[in-house]
Amino acid sequence: MQMKTTPGAMLKAMREKPPLVQCITNYVAMNIAANVLLAAGASPAMVHAAEEAGEFAGIASSLTINIGTLSAQWIDGMQAAAKAATSAGRPWVLDPVAHYATAFRRNAVAELLALRPTIIRGNASEIIALAGGESRGQGVDSRDPVEQAEGSARWLAERQQAVVAVTGAVDFVTDGERAVRIAGGSALMPQVTALGCSLTCLVGAFAATAPEDIFGATVAALATFAIAGEEAALGAAGPGSFSWRFLDALAALDAETLDARARISAA
């Protein structure tokens, strides 16, 4: 693995100069995604209206787009923001939530892919389907293991010239040439709604901090999430207590601990 700096150094840099992250995400995710960014040290802005999304993307440090709750008006805002972010040289992240479920969603994600996201983050079923394969996904839930999506992720990264992150029990990140796996987290994480959506926003925050190393920034975001998840699980009795403990663990995580505990291996 070749990264220009360590995950801990990126986390420290983000907190020293908090990036403004424009999060176009779904209704379920807005609150927890904003809190995750604040706990990590970034500044969230939930701006999705077509009338202002493009203008705001021009001043934000990065953009994240999650298609969880779609409407025609939201799609207009997403496209305007993606175009403006690209024009301004800002990284942007696409989270293709359940894009295979309906024709409306498939068309929306195809149009967004044509706008060249910097990073694509999804679960295994979403990435397999995005690469043209047959997935076992049902709604927003992945029914496929991460390792089954690794080939699809490599193909998609090459085709889109983007970093692709597949998240699950052991995460996988590739830019088509390099690839790593990130271990950690907790089995409780899938039981807390919108944690994955929040991770997409955190990827955007790290990408804003290290735009010269998008691959490394993506890996750092996933490692940060994994270690916070491990720590939160230590005292959690279930998904309810895990949720608030996760925010506390993320806020308490320091650069030294992140670098010491991150389990990143070449794939």
Side-chain angles (χ1 to χ4, degrees), residues 21-30 32-33 44-58 60 62-88 90-144 149 152-153 155-167 193-204 207 218:
V21 184
Q22 181 178 358
C23 305
I24 302 181
T25 192
N26 62 75
Y27 291 117
V28 176
M30 286 185 186
I32 190 168
M46 278 42 194
V47 180
H48 66 265
E51 292 82 359
E52 65 171 347
E55 182 180 359
F56 196 89
S62 64
L63 165 71
T64 67
I65 294 178
N66 172 303
I67 69 165
T69 47
L70 277 181
S71 70
Q73 293 78 15
W74 276 51
I75 291 172
D76 288 344
M78 291 171 179
Q79 292 180 352
K83 291 174 183 176
T86 299
S87 295
R90 307 286 197 271
W92 71 278
V93 188
L94 175 62
D95 188 339
V97 179
H99 65 91
Y100 44 73
T102 66
F104 183 55
R105 304 178 82 81
R106 289 191 294 272
N107 291 336
V109 84
E111 292 172 351
L112 289 167
L113 282 174
L115 298 177
R116 296 293 182 180
T118 315
I119 304 162
I120 301 168
R121 190 219 66 87
N123 63 38
S125 295
E126 289 162 349
I127 297 303
I128 290 170
L130 208 59
E134 292 290 331
S135 79
R136 296 185 296 157
Q138 182 177 26
V140 300
D141 296 323
S142 179
R143 298 290 183 89
D144 298 289
S152 297
W155 180 88
L156 186 62
E158 291 179 0
R159 181 177 183 270
Q160 287 289 140
Q161 294 296 292
V163 169
V164 176
V166 190
T167 53
T193 190
L195 266 193
C197 304
S198 302
L199 174 54
T200 295
C201 297
L202 187 64
V203 170
T218 304

Which distance, rounded to the nearest 0.5 Å, do you find between the [atom1] of [X] and the [atom2] of [Y]?
{"X": "S62", "Y": "I119", "atom1": "OG", "atom2": "CD1", "answer": "8.5 Å"}
{"X": "M78", "Y": "L115", "atom1": "CE", "atom2": "CG", "answer": "12.0 Å"}
{"X": "N26", "Y": "H48", "atom1": "CG", "atom2": "NE2", "answer": "11.0 Å"}
{"X": "H99", "Y": "I67", "atom1": "NE2", "atom2": "CD1", "answer": "7.5 Å"}
{"X": "C201", "Y": "M46", "atom1": "SG", "atom2": "CE", "answer": "5.0 Å"}
{"X": "E111", "Y": "I75", "atom1": "CD", "atom2": "CD1", "answer": "6.5 Å"}

Inset, instruction - Go through N123 and V166 one step at a time and tell me if the side-chain contact (heavy atoms from CB on, under 4.5 Å) criterion holds. - result: CA-CA 5 Å; N123 63 38; V166 190; 5.9 Å; no
Polar side-chain atom of [X] near backbone of [Y] as donor-acceptor pair, under 3.5 Å:
{"X": "R159", "Y": "A131", "result": "no"}
{"X": "R106", "Y": "Y100", "result": "yes"}
{"X": "Q22", "Y": "A45", "result": "no"}
{"X": "W92", "Y": "A81", "result": "no"}
{"X": "R116", "Y": "Q160", "result": "yes"}

Legend entry - Audit row: I24, N66, side-chain contact (heavy atoms from CB on, under 4.5 Å) steps and yes/no: CA-CA 6 Å; I24 302 181; N66 172 303; over 6 Å; no
Check [X] against [Y] and note the closest heavy-atom contact, atom names and distance.
{"X": "L70", "Y": "F104", "answer": "CB-CE2, 3.7 Å"}
{"X": "C197", "Y": "A29", "answer": "CB-CB, 3.6 Å"}
{"X": "L63", "Y": "A85", "answer": "CD2-CB, 4.0 Å"}
{"X": "D95", "Y": "G196", "answer": "OD2-O, 4.2 Å"}

Are the side chains of [X] and [Y] in touch, meaning some heavy atoms are under 4.5 Å apart?
{"X": "P44", "Y": "V21", "value": "no"}
{"X": "R105", "Y": "V97", "value": "yes"}
{"X": "L94", "Y": "T64", "value": "no"}
{"X": "I120", "Y": "V163", "value": "no"}
{"X": "V164", "Y": "I127", "value": "yes"}

Inset, instruction - Among T200, L195, L199, find the one that has a side-chain contact (heavy atoms from CB on, under 4.5 Å) with T167. - result: L199
